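First up is the structure itself, then whatever we jot down about it.
Numbers for residues simply follow the sequence, beginning at 1. Note that the coordinates shown come from a computational prediction; the quantities given were computed from them, not determined experimentally.
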Amino acid sequence: MFQCGKPFSYSRIGSLLEIKSVRSVIDYCDYLEESYLFDLITMYSPSIRKQLANPKKAFCVDPALAAANSLSFSKDLGRKLENYVYLHLRRSFKEIQYFQNKDSECDFVVKWNEEIIGAVQVCWELNSDNLHREIKGLQAALSETQAPKGVLLTWNQEDLLEG
């Protein structure tokens with residue numbers, strides 16, 4: 001049903017599961033969140049209305065339980081790393097959102113006391129195929145949110161990028 005770290009809409013889940021009422025899907029997702037199986041985060045927007053209307057991202061609170069019950073054959077290490085980074089962030093920060101505009105996405109925008117303090121982009125491995133996309137998403141988030149600091153996190157690479 002959910003793919004950790006991938007945006008979803010209630011109406012899309014409803015059509016996939018053949019549930020006619022979107023309200024029922026919202027209720028079911030709330031039950032999953034209240035039972036501490038998933039956390040749902042909203043897309044960054046200064047408008048609360050846009051936050052509610054746009055797709056959410058789901059993250060597994062227990063990645064081992066998710067892996068044991070997964071129907072996917074791919075390891076999808078990037079999404080797993082993103083889930084672990086989310087779990088680490090939520091230990092220290094209550095407000096975490098993701099950023100998306102028409103041509104880029106950043107995995108996390110972190111707030112502290114209603115002030116955006118940073119943006120975090122996660123990918124398993126940075127290479128020539130994804131370098132531009134990952135940096136573009138992080139820069140777009142930093143620019144639009146006016147966040148003072150951004151981090152591009154990978155599994156085992158270390159570099160300092162200017163700008």
Side-chain angles (χ1 to χ4, degrees), residues 1-10 12-13 29-30 32-34 36-67 70 72 74-127 129-163:
M1 183 166 88
F2 294 122
Q3 276 191 313
C4 290
K6 191 167 183 179
F8 73 92
S9 70
Y10 295 122
R12 178 78 176 126
I13 287 179
C29 289
D30 286 344
L32 290 171
E33 194 170 19
E34 289 170 9
Y36 300 106
L37 291 174
F38 289 96
D39 277 348
L40 305 178
I41 66 171
T42 59
M43 186 175 92
Y44 166 79
S45 175
S47 163
I48 299 290
R49 181 175 284 170
K50 286 184 181 178
Q51 288 178 23
L52 294 172
N54 280 301
K56 314 283 183 270
K57 271 187 168 185
F59 291 97
C60 301
V61 174
D62 184 350
L65 182 65
S70 175
S72 175
S74 83
K75 291 186 179 187
D76 208 355
L77 298 172
R79 290 220 190 274
K80 287 180 182 178
L81 179 60
E82 184 178 344
N83 199 97
Y84 286 118
V85 169
Y86 169 76
L87 292 174
H88 179 74
L89 289 172
R90 86 185 263 266
R91 286 184 189 107
S92 300
F93 305 103
K94 188 175 183 171
E95 291 186 74
I96 303 168
Q97 297 176 305
Y98 73 96
F99 171 84
Q100 188 171 9
N101 63 16
K102 61 181 175 169
D103 35 58
S104 59
E105 179 184 342
C106 183
D107 296 317
F108 304 109
V109 173
V110 180
K111 289 182 175 181
W112 181 262
N113 293 333
E114 295 300 315
E115 183 179 328
I116 297 169
I117 60 168
V120 179
Q121 185 76 306
V122 181
C123 75
W124 182 255
E125 180 181 37
L126 206 54
N127 55 42
D129 294 335
N130 64 9
L131 177 66
H132 177 71
R133 181 187 74 229
E134 300 293 342
I135 290 176
K136 181 180 175 185
L138 183 59
Q139 287 176 332
L142 290 171
S143 173
E144 194 163 316
T145 65
Q146 300 299 304
K149 188 174 187 179
V151 175
L152 199 157
L153 190 88
T154 63
W155 175 246
N156 64 357
Q157 294 168 288
E158 193 171 322
D159 268 321
L160 184 60
L161 303 171
E162 294 297 322

Inset, instruction - Could you check if a side-chain atom of Q157 sits within less than 4.5 angstrom of a side-chain atom of E125, using non-hydrogen atoms only? - result: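 With C-beta onward as the side chain, the pair touches.
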Side-chain ([X]) to main-chain ([Y]) donor-acceptor, under 3.5 angstrom:
X    : Y    : value
E33  : L40  : yes
N113 : E115 : no
Q97  : V109 : no
Q121 : E105 : yes
T145 : A141 : yes
K56  : N54  : yes

Legend entry - With Y98 via ring pair (Phe, Tyr, Trp, His ring centres under 6.0 Å) - residues at least two apart: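 By the ring pair (Phe, Tyr, Trp, His ring centres under 6.0 Å) rule, Y98 matches no residue at all.
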Give me the atom names and distance for the closest heavy-atom approach of [X] to [Y].
X    : Y    : result
Q51  : S45  : NE2-O, 2.6 Å
C106 : L138 : SG-CD1, 4.0 Å
S104 : F99  : OG-CE2, 4.2 Å
R79  : C4   : CD-O, 3.0 Å
L89  : V120 : CD1-CG2, 4.4 Å
A58  : F38  : CB-CD2, 4.1 Å

Once rounded to the nearest 0.5 Å, what's the spacing between atom [atom1] of [X] and atom [atom2] of [Y]?
X    : Y    : atom1 : atom2 : value
F8   : K57  : CZ    : NZ    : 11.5 Å
K136 : D103 : NZ    : CG    : 4.0 Å
K6   : E82  : NZ    : CD    : 11.5 Å
E144 : Y44  : CD    : OH    : 6.5 Å
I48  : T42  : CD1   : OG1   : 8.0 Å
L87  : N83  : CG    : CG    : 5.0 Å

Legend entry - For N130, side chain to side chain contact (heavy atoms under 4.5 Å, CB included) partners two or more places apart: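 Once residues adjacent in sequence are excluded, the partners of N130 under the side chain to side chain contact (heavy atoms under 4.5 Å, CB included) criterion are C123, L126, N127, R133, E134.
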Inset, instruction - Taking the six-membered ring for Trp and the single ring otherwise, decide whether the centroids of F93 and F108 are under 6.0 Å apart. - result: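 Between F93 and F108, the centre distance exceeds or equals 6.0 Å.
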Inset, instruction - Kindly assign one of parallel, tilted or perpendicular to the pair W124 and W155, based on the angle between their ring planes and the thresholds 30° and 60°. - result: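 It falls in the parallel class, under 30°.
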